[in-house]
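In what follows, chains carry the letters A, B, and so on, assigned in the order in which the sequence lines appear, proteins first and then strands, with residues in each chain numbered from 1. Just so it is clear, the structure is predicted and the values come from calculations on it, not from any experiment.
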Number of protein chains: 2
Amino acid sequence: MATQHIPLAFTGLKGHNHQHCQQQVLNTAARLCQQRHVRLTPLRREVLALICHSHRPLGAYTLLEQLQAQQGRRAAPPTVYRALDFLLEQGLIHRIASLNAFVGCFQPEQPHIGHFLICERCGNAAEFDTPELNQQLQQTTDQLGFKVTQQTVELFGRCAQCQQQDEV
Amino acid sequence: MATQHIPLAFTGLKGHNHQHCQQQVLNTAARLCQQRHVRLTPLRREVLALICHSHRPLGAYTLLEQLQAQQGRRAAPPTVYRALDFLLEQGLIHRIASLNAFVGCFQPEQPHIGHFLICERCGNAAEFDTPELNQQLQQTTDQLGFKVTQQTVELFGRCAQCQQQDEV
DNA sequence: GCCGATTTGTAATGTTATATCATTTAAATA
DNA sequence: TATTTAAATGATATAACATTACAAATCGGC
Ligand SMILES: [Zn+2]
Ligand SMILES: [Zn+2]
Ligand SMILES: [Zn+2]
Ligand SMILES: [Zn+2]
């Protein structure tokens, strides 16, 4: 199976059917967890659903509030952090270090490092994965004799749509 | 004046005279602040000195402790955060988002975005700046129609020295 | 010396994340 | 099915990181 590269960031977000998008993530998550013999419990599934409700990164305490509101669940910070840990381990979400926030992964089939574009206007975060950049990163760090095990690549700015909005 | 690229990461760290390195940072900082008509007060200078004492990123509360210990300064969080804000503004330090920590900039002449290699073994963080990677980032984001205004690029792993140590 | 602006001190609070132990629930075994 | 064991969640407390708001001190220019 060839490495599948992600349909590319905001270009893929624009005008997509998000209802369908969210549902698909949840279905995929269920299938993957079954395959991996790990449990996507109701709680974990709900946290994932909340995160995938939009493409904006959400903080743990925002999730906590929504969890509490949504179904009178008595939840405390560890509850949500444990769910987040699970989802991170399973590659179903990513953490955005610059924002202390979490965003869904829409390509969780095979766990991977995520590179992100984050629009400061609309708040959306889009994962991108381009072979050229990966290759350049590899080449650069190789030259420096540095062996990378983990990456945080988070680029902030304006997405194409928001640039147009700005001009109005 | 041609863009000066940084002498390159851990390769530049290895076996360098850090005493001299630290002193030079402080001297440069003093000169820059004078040129810019901003004040490198004793407090700010001391925080910078603490940060540049090593190439390991330090957290705000670690700095706070050291500040308190060092000379019986009565200092509270805002004291250290204000100094950090100043130093960040002047491009004398960088923030490592993944670590909630701060590291000295050893090329502060012209403020810039920093890309970092962070060794998980020795703890050192080294800034690197390679035209090829910058160019690739630019090209990639251009293709996606994304206009970058701020970057967080933090690569974790093992520096060359620590890879050797591992083998022993 | 006086005045306005900048810097620092101080107390309180907000935000993000973890440690610890009890309880519940699900799975495995008998 | 009853019993045992492991996994997950509940609950309380606390640690780690960061900011707000206001008072006091310090610095520069007049
Ligand atoms: Zn979507
Ligand atoms: Zn946008
Ligand atoms: Zn040095
Ligand atoms: Zn190292």
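For B/Glu46 and C/dT7, the CD to C1' distance is 15 Å, given to the nearest whole Å. Protein atom CG of B/Leu63 is 13 Å distant from nucleotide atom C1' of D/dC17, rounded to whole Å. Separating the CG atom of A/Leu87 from the P atom of D/dA8 is a distance of 12 Å, rounded to the nearest angstrom. In this structure, the CD atom of A/Glu65 is 13 Å from the P atom of C/dG14, given to the nearest Å. Rounded to whole Å, atom P of D/dA11 lies 11 Å from atom CD of A/Gln68. B/Asp85 has its CG atom 10 Å from the C1' atom of D/dA18, to the nearest Å. Look at CG on B/Leu84: it is 15 Å from C1' on C/dT8, rounded to the nearest Å. Between the CG atom of B/Leu67 and the P atom of C/dT8 there is a distance of 11 Å, rounded to whole Å.
Nearest heavy atom pair, residue A/Tyr81 against residue A/Tyr61, reads OH-CE1, 3.7 Å.
Across all strands, B/Arg82 comes closer than 4.0 Å to base atoms (heavy-atom distances). At a threshold of 4.0 angstrom between heavy atoms, the contacts of B/Arg44 are confined to the sugar-phosphate backbone, with no base atom among them.
Listed candidates were D/dC22, D/dA18, C/dA17. Nearest to the side chain of B/Asn100 is D/dA18. With D/dA18, D/dT12, C/dT16 as the choices, the nucleotide that has an atom nearest any side-chain atom of A/Ala76 turns out to be D/dT12. Between C/dT7, D/dA11, D/dA7, one nucleotide has an atom nearer to the side chain of B/Arg39 than all others, and that is C/dT7.
Nearest-nucleotide positions on DNA chain C place B/Thr41 closer to the 5' end than the other of B/Tyr61 and B/Thr41. Residue-to-nucleotide proximity on DNA chain C shows that, of A/Leu99 and B/Ala83, the 5′-proximal contact is made by B/Ala83. Each of B/Pro77 and A/Leu43 was assigned the nucleotide of DNA chain D with the nearest heavy atom; the assignment lying further toward the 5' end belongs to A/Leu43.
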Inset, instruction - Start with the C-alpha distance between B/Leu133 and A/Leu137, add both sets of side-chain angles, then the distance that settles side-chain contact (heavy atoms from CB on, under 4.5 Å), and finish with yes or no. - result: CA-CA 7 Å; B/Leu133 179 57; A/Leu137 281 168; 3.7 Å; yes
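Under the 6.0 Å cut-off for aromatic ring centres, A/His18 and A/His20 do not qualify, their centroids lying 6.0 Å or more apart. The aromatic ring centres of A/His115 and A/His94 sit 6.0 Å or more apart.
With centroids closer than 5.5 Å and planes inclined by less than 30 degrees as the test, B/Tyr81 and the base of D/dT19 fail to qualify as a stacked pair.
With respect to B/Leu58, the side-chain contact (heavy atoms from CB on, under 4.5 Å) criterion is satisfied by exactly one of B/Leu63, B/Ile96, B/Val103: B/Leu63.
The phosphate of D/dG10 (OP1 or OP2) has a side-chain N or O of A/Thr79 nearer than 4.0 angstrom.
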